[in-house]
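Please read these numbers as outputs of a predicted model, since none were measured by experiment. Heavy-atom basis, side chains included; hydrogens, waters and symmetry copies ignored.
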Amino acid sequence: MKLLRVGPVGQERPVVMDDAGNLRDIGEPDIDGAFLASGGVARVREALQRDELPVVVGEGLRIGPPVARPGKIVCIGLNYSDHAAESGADVPAEPVVFMKAANTVVGPYDEVLVPRGSVKTDWEVELAIVIGRRARYLDSREEALDVIAGYAVSNDVSEREFQLERGGQWDKGKSCETFNPLGPWLVTADEITDPQSLALRLWVNGELRQNGDTKNMIFDVAEIVRYLSRFMVLEPGDVINTGTPAGVAMGMPGQPYLRAGDVMELEIEGLGRQRQTVGQA
């Protein structure tokens, strides 16, 4: 099942896509942590099966991020061996964890802004996990997979100078406004048979830059969720960015970073496609 939110910024309405590709209004509440924690996915599925949800005319509607007001965005760095190599970093013995401001989340077709003073704004296609139930101190991979509500495409936009050359931790190179396009939809976990077998790609101005597969993650989806639950409580609606494959500008000497007017397009098998035009803050 594909859940999404459509409409102007701040006025999105939650809908579900049926098998024919039609959007169906699911009413309130919004697709957020409370919705996921209270069995909202099951209720929508049952209502859709009973054909109780009215059709929404989707033509011309903006698609917003599929999850409203995530409590936190947790990110895993250097989680593909080819990306670690291009970054000049050793393969980590444990997941590299950093946080990203929750208000970086925008829609999958919204403008991405190069921050003022930036010369190294970069792209990163990533598989995003959305948590569906509160999780703490998980003991097994099976428990970890059981708390996942679904998956989405994420663009973990990054400013490399801010991240790596200005001292401190990575967060300030990751938390600039518009730095996390998410969507177009949340695909429920039951539709993804194997999250470790998904092709992911990203193009800049029509040229393929990233071409990877989630099978090449160093730490897989189940281990990421289990591991994080040992250090923080994961709440419904939280988003986890799971890392990016090789092909980012930072790892390609001479490759231009993003500038206003550039266009990013990215996709993950079974999870949809994004497209962002780059602007200037």
Taking the side chain as every heavy atom from C-beta outward, state whether Arg45 and Asp190 have any atom pair closer than 4.5 Å.
yes
List the steps and the verdict of side chain to side chain contact (heavy atoms under 4.5 Å, CB included) for Trp170 and Met99.
CA-CA 8 Å; Trp170 289 9; Met99 307 294 285; over 6 Å; no
Test side chain to side chain contact (heavy atoms under 4.5 Å, CB included) on Leu53 and Asp25; report intermediate values, then the result.
CA-CA 6 Å; Leu53 303 176; Asp25 192 343; 5.9 Å; no
Would you say CZ of Arg166 has more than 12 non-hydrogen atoms from neighbouring residues, nucleotides or ligands within 6.0 angstrom?
no
Any side-chain to backbone donor/acceptor pair from Gln210 onto Val125? Under 3.5 Å, distance only.
yes
Please round to the nearest 0.5 Å and tell me the distance separating atom CG of Leu127 and atom CE of Met217.
5.0 Å
Consider only side-chain heavy atoms of I, L, V, M, F, W and Y, link residues closer than 4.5 Å, and tell whether Ile26 and Val130 are in one cluster.
yes
Side-chain donor-acceptor pair under 3.5 Å between Ser158 and Glu124, yes or no?
yes
Looking at Arg43 and Ser38, would you say the former's side chain and the latter's main chain have a donor-acceptor pair under 3.5 Å?
yes
Which pair of non-hydrogen atoms, one from Pro66 and one from Pro184, has the smallest distance, and what is that distance?
CB-O, 4.4 Å
Please confirm whether the backbone N or O of Asn211 pairs with a side-chain atom of Arg201, one donor and one acceptor, at under 3.5 Å?
no
Report yes if the side chains of Arg275 and Met264 come closer than 4.5 Å at any heavy-atom pair, otherwise no.
no
Would the number of heavy atoms belonging to other residues, nucleotides or ligands and lying under 6.0 Å from CG of Asp90 be above 12?
no
Between Asn241 (side chain only) and Gly243 (backbone N and O only), is there a donor and an acceptor less than 3.5 Å apart?
no
Could you walk me through whether Glu235 and Arg133 satisfy the side chain to side chain contact (heavy atoms under 4.5 Å, CB included) test, starting with their C-alpha distance in whole Å, then the side-chain angles of each, then the deciding distance to 0.1 Å, before giving a yes or no?
CA-CA 6 Å; Glu235 300 286 358; Arg133 292 194 295 109; over 6 Å; no
Restricting to salt bridge (Lys or Arg N to Asp or Glu O under 4.0 Å), what partner residues turn up for Asp51, sequence neighbours left out?
Arg24
Counting N and O atoms only, with roles assigned by atom type, does the side chain of Asp122 sit under 3.5 Å from a partner on the main chain of Ala249, one being a donor and the other an acceptor?
yes
Any Thr121 side-chain heavy atom under 4.5 Å of Tyr257 side chain
no
Taking the side chain from Gln274 and the backbone from Val153, do they hold a donor-acceptor pair closer than 3.5 Å?
yes
Counting distance only, does the side-chain N/O of Ser229 pair as donor-acceptor with the main-chain N or O of Ala135 below 3.5 Å?
no
Contact check, side chains of Val239 and Val74, non-hydrogen atoms, under 4.5 Å
no
Is there a chain of hydrophobic side chains (I, L, V, M, F, W, Y, each step under 4.5 Å between heavy atoms) that links Leu234 to Val67?
no
Correct closest heavy-atom pair for Val225 and Ile148 would be CG2-CD1, 4.1 Å
Looking only at the side chains, is there a donor atom on one of Ser118 and Glu159 sitting less than 3.5 Å from an acceptor on the other?
yes
Is there a continuous path of hydrophobic side-chain contacts, each under 4.5 Å between heavy atoms, that joins Val248 to Phe162?
no
To the closest 0.5 Å, what do you measure between OH (Tyr80) and CG (Asn216)?
7.5 Å
Are Leu266 and Trp185 grouped together when hydrophobic residues (ILVMFWY) are joined by side-chain heavy atoms under 4.5 angstrom apart?
yes
So how far is it from Thr178 OG1 to Leu113 CG, rounded to the nearest 0.5 Å?
4.0 Å
So which heavy atom on Ala68 is nearest to which on Asp30, and how close?
CB-OD2, 3.5 Å
Quick check: closest heavy atoms across Leu182 and Ser154, and the distance to 0.1 Å?
CD1-CB, 4.0 Å
State, to 0.1 Å, how close Leu200 and Pro245 come at their nearest heavy-atom pair, and which atoms those are.
CD1-CD, 3.9 Å
Are the side chains of Val97 and Met232 in touch, meaning some heavy atoms are under 4.5 Å apart?
yes
Side-chain donor/acceptor of Asn79 to backbone N/O of Ile76, under 3.5 Å:
no
Under 4.0 Å between a side-chain nitrogen and a carboxylate oxygen: does that hold for Arg134 and Asp238?
no
Side chain to side chain, Leu23 and Val16, heavy atoms closer than 4.5 Å
no
Might you work through the salt bridge (Lys or Arg N to Asp or Glu O under 4.0 Å) test for Glu12 and Arg62, ending with a clear yes or no?
CA-CA 9 Å; Glu12 296 92 346; Arg62 168 186 171 269; 2.8 Å; yes
Below 4.0 angstrom, N of the basic side chain to O of the carboxylate: do Arg160 and Glu165 qualify?
no
Would a 4.5 Å heavy-atom cut-off, applied to side chains only, mark Ile240 and Ile131 as touching?
yes
If you compare all heavy atoms of Lys2 against all heavy atoms of Val187, which two are closest, and at what distance to 0.1 Å?
CG-CG2, 4.2 Å
Side chains of Gln276 and Asn155: donor-acceptor distance under 3.5 Å anywhere?
yes
What pairs of residues pass the ring pair (Phe, Tyr, Trp, His ring centres under 6.0 Å) test when at least one of them lies in residues 225-255, not counting sequence neighbours?
Tyr227-Phe231
Check: Met252 main-chain N/O paired with Glu86 side-chain donor or acceptor under 3.5 Å:
no
Run the salt-bridge test on Arg209 and Glu207 with the 4.0 Å N-O cut-off and return the result as yes or no.
yes
Rounded distance [0.5 Å steps], CD1 in Ile73 versus NZ in Lys174
11.5 Å
Looking at Arg50, I'd like to know if its CZ atom is crowded, meaning that more than 12 non-hydrogen atoms belonging to other residues, nucleotides or ligands lie closer than 6.0 Å.
yes
With rounding to the nearest 0.5 angstrom, report the CG to CD1 distance, Leu61 to Ile63.
8.5 Å
Trp123 side, atom CH2; Asp262 side, atom CG - distance, nearest 0.5 Å:
8.0 Å
Are Arg141 and Asp146 close enough, and set up right, to give a salt bridge (Lys or Arg N to Asp or Glu O under 4.0 Å), and what steps lead you there?
CA-CA 9 Å; Arg141 297 170 56 83; Asp146 194 47; over 6 Å; no
Is it the case that Ser175 and Lys100 place a side-chain donor and acceptor less than 3.5 Å from each other?
no
Does the distance from a Lys or Arg side-chain N to an Asp or Glu carboxylate O, for Asp194 and Lys215, drop under 4.0 Å?
no
Any side-chain to backbone donor/acceptor pair from Thr214 onto Leu198? Under 3.5 Å, distance only.
yes
Do Tyr137 and Arg230 make a side-chain contact, defined as non-hydrogen atoms from C-beta onward lying under 4.5 Å apart?
yes
Co-membership, hydrophobic cluster, residues Val41 and Ile129, 4.5 Å side-chain
no
Salt-bridged, Arg226 to Glu223, with N to O below 4.0 Å?
yes
Glu161 bridged to Lys120 by N-O distance under 4.0 Å:
no
Derivation of the side chain to side chain contact (heavy atoms under 4.5 Å, CB included) call for Arg259 and Val278
CA-CA 7 Å; Arg259 296 291 183 269; Val278 179; over 6 Å; no
